[in-house]
Amino acid sequence: MGYLLGVIGNPIKHTLSPWIHQQFMNETSINGIYRPYEIKEDELKESFNLFKKMNIDGFNVTIPYKETMLHYVDDLDERARSIGAVNTVVNQGGKWIGYNTDGRGYIRSLKQSYADLDTFVKNVLLIGAGGAARGIYDALNQESFPVVDIANRTRERAEGLLDSKENHVETSIYSLKEAQQNLQQYDLIIQTTSMGMTPNNRMMPIDLQNIKENTIVSDIIYNPIETSLLQTARKKGARIHYGHGMLLHQAALAFELWTGKTIDPNHILHELEQKLKGGSTC
Ligand code: ATR
């Protein structure tokens with residue numbers, strides 16, 4: 001029998017993950033099924049028990065269960081523990097281990113787009129302090145950027161993000177307005193909030209009036225592919241980084257955890273772009 005995999009979340013109707021993992025299976029000649037499971041909060045325990053009975057190989061976890069899943073797994077990988085969220089669960093001989101591939105997937109995608117990242121980027125601004133920001137902040141801490149500042153609507157949430165980390169980077173916390181006024185000091189600006197996501201396409205967490213030319217502006221939203229923030233950044237001469245790269249790379253890292261197969265997901269990048277432009281969402 002082939003691999004039994006899936007993704008749990010709610011809502012999950014439009015997820016592209018089954019398509020992405022099917023492409024990975026085809027590429028590596030692995031047999032298997034990857035199914036979406038739309039699960040309500042009160043069905044979570046029962047569904048996990050069913051997965052155990054079925055002895056599936058693993059599953060992804062998406063909104064809104066990434067933090068809840070911390071309490072269901074038998075053990076946590078160091079990164080998932082540090083981030084405080086799980087996006088991938090692996091059945092390791094009957095023990096269910098929680099991982100988080102979001103932050104590493106993000107960095108991989110960024111490095112692939114910008115080979116000069118390590119030399120060019122000194123000061124980073126992370127906008128947002130939610131689940132996605134936690135994973136990315138953790139991954140940035142593994143890199144060699146000296147400064148990673150955080151700007152968030154709710155200051156306490158950004159402080160909470162700092163509290164739980166052993167930091168290697170220097171971090172100051174700012175309001176969105178403060179960050180906006182000082183944008184010229186950043187070489188890389190990473191947008192992780194939901195502002196700008198369809199159907200709120202016109203929203204932007206900050207205005208980019210003060211960015212310097214050549215700054216990399218990155219948005220993890222992939223629906224739409226080019227958010228208003230990225231459009232504005234492009235027009236101002238910034239370099240931009242799209243969100244669907246993170247989607248692909250976090251998936252490739254999860255696939256590697258389940259199957260042991262390393263995969264270069266770039267061969268499906270173009271097709272994924274076409275699907276996203278056609279209106280599919282994850
Ligand atoms: P995710 O897991 O996708 O990161 P989340 O944990 O709900 O989602 O985090 C959402 C992020 O978007 C937070 O940083 C949130 O700011 P607060 O911490 O102040 O809530 C930010 N966000 C969402 N809507 C926003 C809005 N209208 N204005 C500014 N920030 C917003």
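Predicted model, so just to flag it, every value in this text is computed and none were measured. Order of appearance sets the numbers: ligands from 1, and atoms from 1 within every ligand.
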Exercise for the section: Show which residues join Ile221 in its hydrophobic cluster (side-chain heavy-atom contacts under 4.5 Å, direct or indirect), or state none. Expected result: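 Hydrophobic cluster check, Ile221: joined to Met197.
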Problem - Neighbouring residues of ligand 1, heavy-atom cut-off under 4.0 Å - result: Gly128, Ala129, Gly130, Gly131, Ala132, Asn152, Arg153, Thr154, Arg157, Thr193, Ser194, Met195
Exercise for the section: With sequence neighbours excluded, tell me which residues meet salt bridge (charged side-chain N to carboxylate O under 4.0 Å, His left out) with Glu178. Expected result: none
Exercise for the section: Could you tell me which residues satisfy side-chain hydrogen bond (donor to acceptor under 3.5 Å, both in side chains) with Glu143, sequence neighbours excluded, listed by chain and number? Expected result: Lys111
Exercise for the section: Tell me whether the guanidinium CZ or amine NZ of Arg104 lies under 6.0 angstrom from the six-membered ring centre of Tyr99 and within 45° of its axis. Expected result: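 Not satisfied by the 6.0 Å and 45° rule.
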Exercise for the section: Give a yes or no on whether the backbone of Thr101 and the side-chain of Asn87 come within a donor-acceptor separation of less than 3.5 Å. Expected result: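 It does hold such a pair.
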Practice task
Could you tell me whether Asp138 and Arg81 have a side-chain N and a carboxylate O separated by less than 4.0 Å?
Solution key: no
